[in-house]
There are 4 protein chains.
Amino acid sequence: MQDKEWLEELLEMGSRDEKLSPKQKKILEAAVEIFSEKGFAASSTSEIAKRAGVAEGTIFRHYKTKHDLLISIVVPTWTKIITPLLAKSFVKEVFKKNQYNQAEDFLRALLTNRLEFAKKHLPILKILLQEIPFQEELKEQFTSIFTEHIYVQLQKIIEHFQQQGDIIDLPSKTVIRMILTTGIGFILTRLFILPDAQWDDEQEIEHTIQFMLYGLSGKEDS
Amino acid sequence: MQDKEWLEELLEMGSRDEKLSPKQKKILEAAVEIFSEKGFAASSTSEIAKRAGVAEGTIFRHYKTKHDLLISIVVPTWTKIITPLLAKSFVKEVFKKNQYNQAEDFLRALLTNRLEFAKKHLPILKILLQEIPFQEELKEQFTSIFTEHIYVQLQKIIEHFQQQGDIIDLPSKTVIRMILTTGIGFILTRLFILPDAQWDDEQEIEHTIQFMLYGLSGKEDS
Amino acid sequence: MQDKEWLEELLEMGSRDEKLSPKQKKILEAAVEIFSEKGFAASSTSEIAKRAGVAEGTIFRHYKTKHDLLISIVVPTWTKIITPLLAKSFVKEVFKKNQYNQAEDFLRALLTNRLEFAKKHLPILKILLQEIPFQEELKEQFTSIFTEHIYVQLQKIIEHFQQQGDIIDLPSKTVIRMILTTGIGFILTRLFILPDAQWDDEQEIEHTIQFMLYGLSGKEDS
Amino acid sequence: MQDKEWLEELLEMGSRDEKLSPKQKKILEAAVEIFSEKGFAASSTSEIAKRAGVAEGTIFRHYKTKHDLLISIVVPTWTKIITPLLAKSFVKEVFKKNQYNQAEDFLRALLTNRLEFAKKHLPILKILLQEIPFQEELKEQFTSIFTEHIYVQLQKIIEHFQQQGDIIDLPSKTVIRMILTTGIGFILTRLFILPDAQWDDEQEIEHTIQFMLYGLSGKEDS
DNA sequence: AATGAATGAGTATTCATTCAT
DNA sequence: CATGAATGAATACTCATTCAT
């Protein structure tokens, strides 16, 4: 069964919160809460200090500016977001030829895993989503993460599936867009847009996978 | 050729900006620019006044509060967003049975039209997107617009296509999600996430439509 | 009965509101209301305009400044306040010698009449009272009215009563202070400090007069 | 001679300004000055900050709002105003029967002491006087202080004097009004209305006491 | 005469940040 | 390390007053 070993790699890797003093932890927690509740610009450091139970000055001992605090929260999240794609055995596994249902398994693993991840890190992801358009720094980080990791990894995988005939021969750029759009669209709808609707996650994931597979199979009722 | 009349209805309806004094127009324009550049909370009324070329007090003669100004910008946009679905002949046309390629035409018309719309109203849509999570008022408006107009209209249409056998028999809720997610995902990627990439809009729209149609056809390579 | 003629003189003299346009009247009424409710400094011209049902600009067509409006309200009141002392027959009458109970009648007439007056002009008097300490102009007007009219008239009368032996031989300055303090103190208590207590005005006036008369008689239990 | 001990109790009790930082003290001093010069509403926090020699923000670190600052100034004054009536030995002493000139001594002590007090706290008393009509909070405090302390204490004393036959048998409510009106009237005239006149305080106090005593003796020249 | 849009200085209050303790 | 008093620039909003219509 070690042929499923790569699935395990999808799990969180080193989520080492490093050595943060308890006060520093409290500050980060409070900041995440408040930033995600009211948005970065509308949050005040004094409120964060109050909720963290520290003095106003303490925040600035650890983070030079409010903007610094935001970055400190958000940056370590990038790695976590793309964790599965960084797993050593991940790509290798996908490339084992002639596996039945390989594309399907891949999508299911990815979607399931990232949904769980998003559930766990909801507030930070909300902050990220909200602030990327306004913080040049984050925008650049996003671009480099996307092009250097997400895009190249997915491209390899997609092209592999295309060679296997699992996926239609569209430009990989387009295929990647479809997959990400559908996957992220599901997660966003599930967690941000209609979190209160009644969801059967397992079933909805299956529908979504089928939608992607059919959509990319390039064959219609003949 | 009047069987394509409904397509024309997709075009903007009355976008009368009502009777705004020139100063008021300047204020709105400046506000839209600045809100979309820095976000609502990070925008200052003094900067808006400066860019609009009016005194700061003038803003508050027309809009009681900064929040009021935001609402005044954003609310009239709701109607414009759902304009096509409100068109009288729109649904009627879709329901004419036995039309070949009907679902495809529907998706193409919708996607093309809403992309054009989004291109024209980029900054306001950005504001809307950014502020819905933080402005209770906007959240409520979104919910009611979605459930009362978008969802019900699309549901009728989807069920019609399902009866015709064009679309697989999944819950209409799920089908609507796929279509919206894919369509909106395309528009967002095109205009917000990677606006600077090289896009062949026409072709990309065709790919997207094929993706949706195959994805919802329920048939795979046989 | 013409020996009581002077009493009638105590009544309002020319309360000619001059020729004020209806809008002007509305403005004055609104200003009096609002100034007395919130104080001059805390009242805004825009609120006055709103309550008067006129445009903001209209106020400034009639009164150069907000301060001007205050003065226009308050100045004509000075004359009304000292009306009784200005009555031609008033002093003459008091000087008719050998009238029994003359001092008592004088005090009763004065007190009754000024209480009625104060009841009728409560809001304006409140404004006057509140603003004298802060408006140099009003302070000066008060001083000149007091020294030129109130003080001199009362002095004559008091000295007359002293010569008749009705009143003790204290400095008239002191006697005037006692009378005014007691009289005004009664009116203020009655109308401003404890307006909601149950008052039997007639009886309370009698007590007050007796208090002044005994107090100034210079005789104690012997 | 400990029979005059209660007189000493009339003196200020604990006027501990608590532990105020020097900046806080400066702020309070400046605020008292400016509020009493121009009135609360017409005073600006920026002017207070300037005169106190602190940054404007510093005011709001110590007092949440401008209104808060007013209250912080004015509230501790209530206790000081009624200090003599709170003195333990005060009432006891008054009640020692058969003392010659007891009522007279009482009035003299009260008047002298409160005049000194008013001289020392002129500006705060001016603020209090001016703002009671506009600050609901102060109005309520005044009412409760008056009914719970001033009125009840004076009533006991007045009724005691009435039983001794020192004072006429009018309703105590009325007697209290006469005494307060005359006393406060004297202090106001002395300090607020004609502060620049030439006053022989000792003599004027004696006249005022005689006026009250005669006025309340209920006996006239027979 | 009357309007009300426009002004810009002024308002109370908040903010991120500094620094002496 | 941590505090919290202090800062002063910035904020949203109000105001008395002007002026073209």
Side-chain angles (χ1 to χ4, degrees), chain A residues 21-24 26-27 40-50 52-69, chain B residues 21-24 26-27 40-50 52-69, chain C residues 21-24 26-27 40-50 52-69, chain D residues 21-24 26-27 40-50 52-69:
Chain A
S21 78
K23 297 236 168 194
Q24 220 164 336
K26 287 269 198 171
I27 291 170
F40 173 72
S43 303
S44 84
T45 50
S46 85
E47 195 186 351
I48 293 170
K50 208 175 292 162
V54 304
E56 294 187 54
T58 307
I59 291 177
F60 292 91
R61 180 150 301 278
H62 295 287
Y63 308 93
K64 275 216 305 285
T65 63
K66 184 186 166 194
H67 178 259
D68 228 55
L69 176 56
Chain B
S21 79
K23 299 237 166 195
Q24 219 164 334
K26 288 268 199 171
I27 291 170
F40 174 73
S43 304
S44 82
T45 52
S46 88
E47 195 186 351
I48 293 170
K50 212 174 288 164
V54 303
E56 204 165 349
T58 308
I59 292 177
F60 292 93
R61 172 156 299 273
H62 295 289
Y63 308 93
K64 280 213 301 281
T65 63
K66 186 187 163 192
H67 178 260
D68 225 56
L69 176 56
Chain C
S21 78
K23 298 236 165 190
Q24 222 164 332
K26 288 271 197 166
I27 291 170
F40 174 72
S43 303
S44 83
T45 51
S46 84
E47 194 186 351
I48 294 170
K50 207 175 291 163
V54 304
E56 293 187 53
T58 307
I59 291 176
F60 293 90
R61 182 150 298 278
H62 295 288
Y63 308 93
K64 277 215 304 284
T65 64
K66 184 187 166 192
H67 178 259
D68 227 56
L69 176 57
Chain D
S21 78
K23 299 241 166 191
Q24 218 164 336
K26 287 269 196 169
I27 290 169
F40 174 73
S43 303
S44 81
T45 51
S46 87
E47 195 184 351
I48 293 169
K50 212 173 288 165
V54 303
E56 205 164 349
T58 307
I59 292 177
F60 292 93
R61 172 156 298 273
H62 295 288
Y63 307 94
K64 277 212 304 281
T65 62
K66 186 186 163 193
H67 178 260
D68 223 56
L69 177 56

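So that the names make sense, note that chain A is the first sequence line, chain B the second, and so on, each numbered from 1. All values below come from the heavy atoms of this structure, side chains included, with hydrogens, waters and symmetry mates left out. The structure displayed is predicted, hence computed values, not measured ones.
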Legend entry - Pairwise 5' ranking along DNA chain E for C:Ser21 and B:Ala55, keeping only the more 5' one: C:Ser21
Inset, instruction - Would you indicate what D:Thr45 reaches in the nucleic acid, counting non-hydrogen atoms under 4.0 angstrom: base, sugar-phosphate, or nothing? - result: base
Legend entry - Distance, nearest 0.5 Å, that separates CZ of A:Phe40 from NZ of A:Lys66: 4.5 Å
Legend entry - B:Leu69 and B:Thr45, any side-chain heavy atoms less than 4.5 Å apart: no
Legend entry - Residues forming a salt bridge (Lys or Arg N to Asp or Glu O under 4.0 Å) with A:Arg61, sequence neighbours excluded: none
Inset, instruction - Please report the shortest heavy-atom distance between B:Ala41 and A:Ala41, naming the atom on each side. - result: CB-CB, 3.8 Å
Legend entry - Base-paired stems in DNA chain F, each at least three Watson-Crick or G-U pairs under 3.5 Å: E:2-21 with F:2-21
Legend entry - Selection: residues 58-69 of chain D, any non-hydrogen atom under 4.0 Å of DNA chain F: D:Thr58, D:Arg61, D:His62
Inset, instruction - For DNA chain F, note the earliest and the latest nucleotide, 5' to 3', having some atom under 4.0 Å of a heavy atom belonging to chain B. - result: F:dT11 to F:dT14
Inset, instruction - Only counting residues at least two apart or in another chain, list the ones meeting side-chain contact (heavy atoms from CB on, under 4.5 Å) with B:Ala52. - result: B:Lys26, B:Ile27, B:Ala30, B:Val54
Inset, instruction - Under the side-chain hydrogen bond (donor to acceptor under 3.5 Å, both in side chains) rule, collect the residues that match up with C:Ser21, sequence neighbours excluded. - result: none
Legend entry - Position toward the 5' end of DNA chain F (nearest nucleotide), A:Glu56 or B:Gly57: A:Glu56
Inset, instruction - Just jot down the side-chain hydrogen bond (donor to acceptor under 3.5 Å, both in side chains) partners of D:Thr65, sequence neighbours excluded, or say none. - result: none
Legend entry - Partner residues of C:Ser43 under the side-chain hydrogen bond (donor to acceptor under 3.5 Å, both in side chains) criterion, sequence neighbours left out: none
Inset, instruction - Map B:Phe40 and C:Ala42 onto DNA chain F by nearest heavy atom, then report which one ends up closer to the 5' terminus. - result: B:Phe40
Inset, instruction - Search all heavy atoms of A:Asp68 against all heavy atoms of A:Lys64 and return the closest pair with its distance. - result: OD2-N, 3.6 Å
Inset, instruction - Sequence neighbours left out, what passes salt bridge (Lys or Arg N to Asp or Glu O under 4.0 Å) with A:Glu47? Give chain and number order. - result: A:Lys38, A:Arg51
